[in-house]
Enquirer: 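Have a look at this one.
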Amino acid sequence: MSAITSLEPRIVWEQFDAITRVPRPSKKEGRIIEFLVAFAEKHGIEYRKDATGNVVMRKPATPGYEDRPGVILQSHMDMVCEKRSDVEFDFERDAIRTRIDGGWVKAEGTTLGADCGIGMAAALAVLLDPAAQHGPLEALFTVDEETGLTGAFGLGEGMLTGKYLLNLDSEDEGELFIGCAGGIDTLATFRYTAGAAPADYAYFRVGVSGLQGGHSGDDIDKGRVNSNKVVARFLWAAMQEFDLRLSRFDGGNLRNAIPREAWAVFGVPAGRKTGFAAFCERFAADLGAEFRLREPSFRIDFSETERPASVIDAATQRGLVYALAGVPNGVVEMSFAVPGLVETSTNLASVKFEGEDRIVVTSSQRSSVESAKLCVMRSVEAVFALAGAEVTHSDGYPGWEPDPASHLLEVTAGAYERLFGTKPRVRAIHAGLECGLFLEKYPRLEMVSFGPTLRGVHSPDERLEIATVPRFWELLLETLRSL
């Protein structure tokens with residue numbers, strides 16, 4: 001066990017510590033499913049696993065609570081697997097290395113997995129805690145929330161019987177969430193022809209690093225710089241002055257993370273090296289000044305490199321670079337219904353060379369308004385289609401429309417005020433939660449989402465504020481007692 005098991009409430013931190021030792025990348029949740037099944041069998045808890053891999057555990061009502069409505073505690077098993085480029089780590093085999101840093105729990109150079117590991121831990125702790133008072137209880141653990149909401153889409157028939165659902169996947173203590181954005185992913189595929197890299201060119205690598213990144217929903221309004229856009233911006237500008245030939249472009253990894261790093265390899269005529277060096281110096285200085293307040297650790301580096309084996313054809317290069325430079329990215333519209341809420345956004349998530357002739361660009365669109373989600377999706381599609389790419393979309397997922405009159409919200413907010421002497425903030429979130437899909441399958445569900453404070457999720461800077469975990473736990477227990 002690590003040092004975090006000495007923190008309070010120990011019953012929650014012990015479960016979280018156990019979860020961090022189990023590899024659980026999205027779409028590769030086999031080990032964490034085995035862990036959950038073993039947990040249920042060890043403690044004599046009834047459980048069921050559906051064909052998708054979701055696990056639900058059931059615990060009878062505590063004495064005196066038999067007539068209460070059923071409550072579902074819901075969290076997802078998978079975690080975002082991001083690490084710093086200088087860290088050696090295998091997310092399919094290695095345990096997360098946790099540490100206490102002041103008032104926070106962090107991981108050593110990787111994502112922590114508190115999204116949504118701390119929600120899982122709280123649900124397991126309730127199942128174990130003999131002092132917890134509640135009506136009929138179900139704990140639902142879903143697969144692949146981060147990369148496709150696969151578990152919520154494929155939730156087996158009859159898995160849930162409860163009336164109220166507490167989603168334990170929020171990131172701001174003191175806030176109750178009653179709505180979320182829907183989303184859809186767009187894939188643009190460019191087909192290129194490779195040709196021999198010209199021998200009379202000098203070749204360079206441009207690399208962007210040091211960006212904060214973050215969650216493409218929660219952090220999209222914080223001015224975080226997108227590494228793919230920066231490299232595309234550089235290539236576009238350089239193409240206006242030099243006969244640049246592109247060999248490779250690689251940036252970002254996950255569709256729900258703002259990309260922090262990107263690089264490209266390219267060539268310019270050898271006779272123009274001196275002028276090109278001055279161009280790079282001016283470009284770097286301009287961006288350093290532009291980003292100095294919002295991205296103080298931003299770096300853009302240029303280095304000469306060996307001649308690559310090939311470059312892509314000029315037409316595909318032009319289409320790719322112009323599309324990446326021109327496609328919308330970031331906040332598209334703010335909400336008029338909920339002040340301060342991002343209504344619609346898009347994230348240029350990744351650029352990857354695949355196989356011998358394909359470049360796949362992934363972007364992710366979100367909105368709490370279905371028509372606006374489709375509108376920004378079509379804007380992204382239009383840019384890539386005009387550039388000659390083949391464009392496809394994921395099935396998407398619905399948003400969760402707020403219900404301010406919900407009884408569950410009234411009970412949860414009342415529990416918070418009794419415990420802490422202040423009213424919680426009630427709001428919607430721009431990030432995607434599984435709640436919209438649950439509502440499609442179980443239209444009479446009432447739902448509220450809350451959790452402890454997390455920062456830097458979906459990046460190696462992810463951290464969990466220690467002082468907020470006891471408050472999260474107390475609110476969960478008081479809400480269960482009060483329903």
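Please read all numbers here as calculations on a predicted model, not as lab measurements.
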Enquirer: Charged N to carboxylate O under 4.0 angstrom, Asp286 versus Arg282?
Expert: no

Enquirer: Establish, yes or no, whether a centroid distance under 6.0 Å links the rings of Phe276 and Phe266.
Expert: yes

Enquirer: Hey, which of Asp461, Asp172, Asp219 is the one that makes salt bridge (Lys or Arg N to Asp or Glu O under 4.0 Å) with Arg455?
Expert: Asp172

Enquirer: Could you walk me through whether Phe89 and Arg97 satisfy the side-chain contact (heavy atoms from CB on, under 4.5 Å) test, starting with their C-alpha distance in whole Å, then the side-chain angles of each, then the deciding distance to 0.1 Å, before giving a yes or no?
Expert: CA-CA 10 Å; Phe89 194 88; Arg97 300 187 290 266; 3.5 Å; yes

Enquirer: Hey, is NZ on Lys441 packed in by over 12 heavy atoms from elsewhere, all under 6.0 Å?
Expert: yes

Enquirer: Closer than 4.0 angstrom, basic N to acidic O: yes or no for Arg99 and Asp101?
Expert: yes

Enquirer: For Glu354, does the CD atom have more than 12 heavy-atom neighbours from other residues, nucleotides or ligands under 6.0 Å away?
Expert: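 It does: Glu354 CD has more than 12 such atoms within range.
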
Enquirer: Stepwise, does the side-chain contact (heavy atoms from CB on, under 4.5 Å) test hold for Asn228 with Phe249?
Expert: CA-CA 9 Å; Asn228 292 327; Phe249 189 132; 3.9 Å; yes

Enquirer: Please assess Val105 against Leu7 for the test side-chain contact (heavy atoms from CB on, under 4.5 Å), listing each intermediate value before the final yes or no.
Expert: CA-CA 10 Å; Val105 169; Leu7 299 171; 4.0 Å; yes

Enquirer: Can you tell me how far CD of Gln74 sits from SG of Cys116, rounded to the nearest 0.5 angstrom?
Expert: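 Here the rounded value is 7.0 Å.
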
Enquirer: Ring centres of Phe234 and Phe302 under 6.0 Å apart?
Expert: yes

Enquirer: Within the 4.5 Å heavy-atom criterion, are Pro460 and Thr110 side-chain neighbours or not?
Expert: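 SC-SC contact between Pro460 and Thr110 ruled out.
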
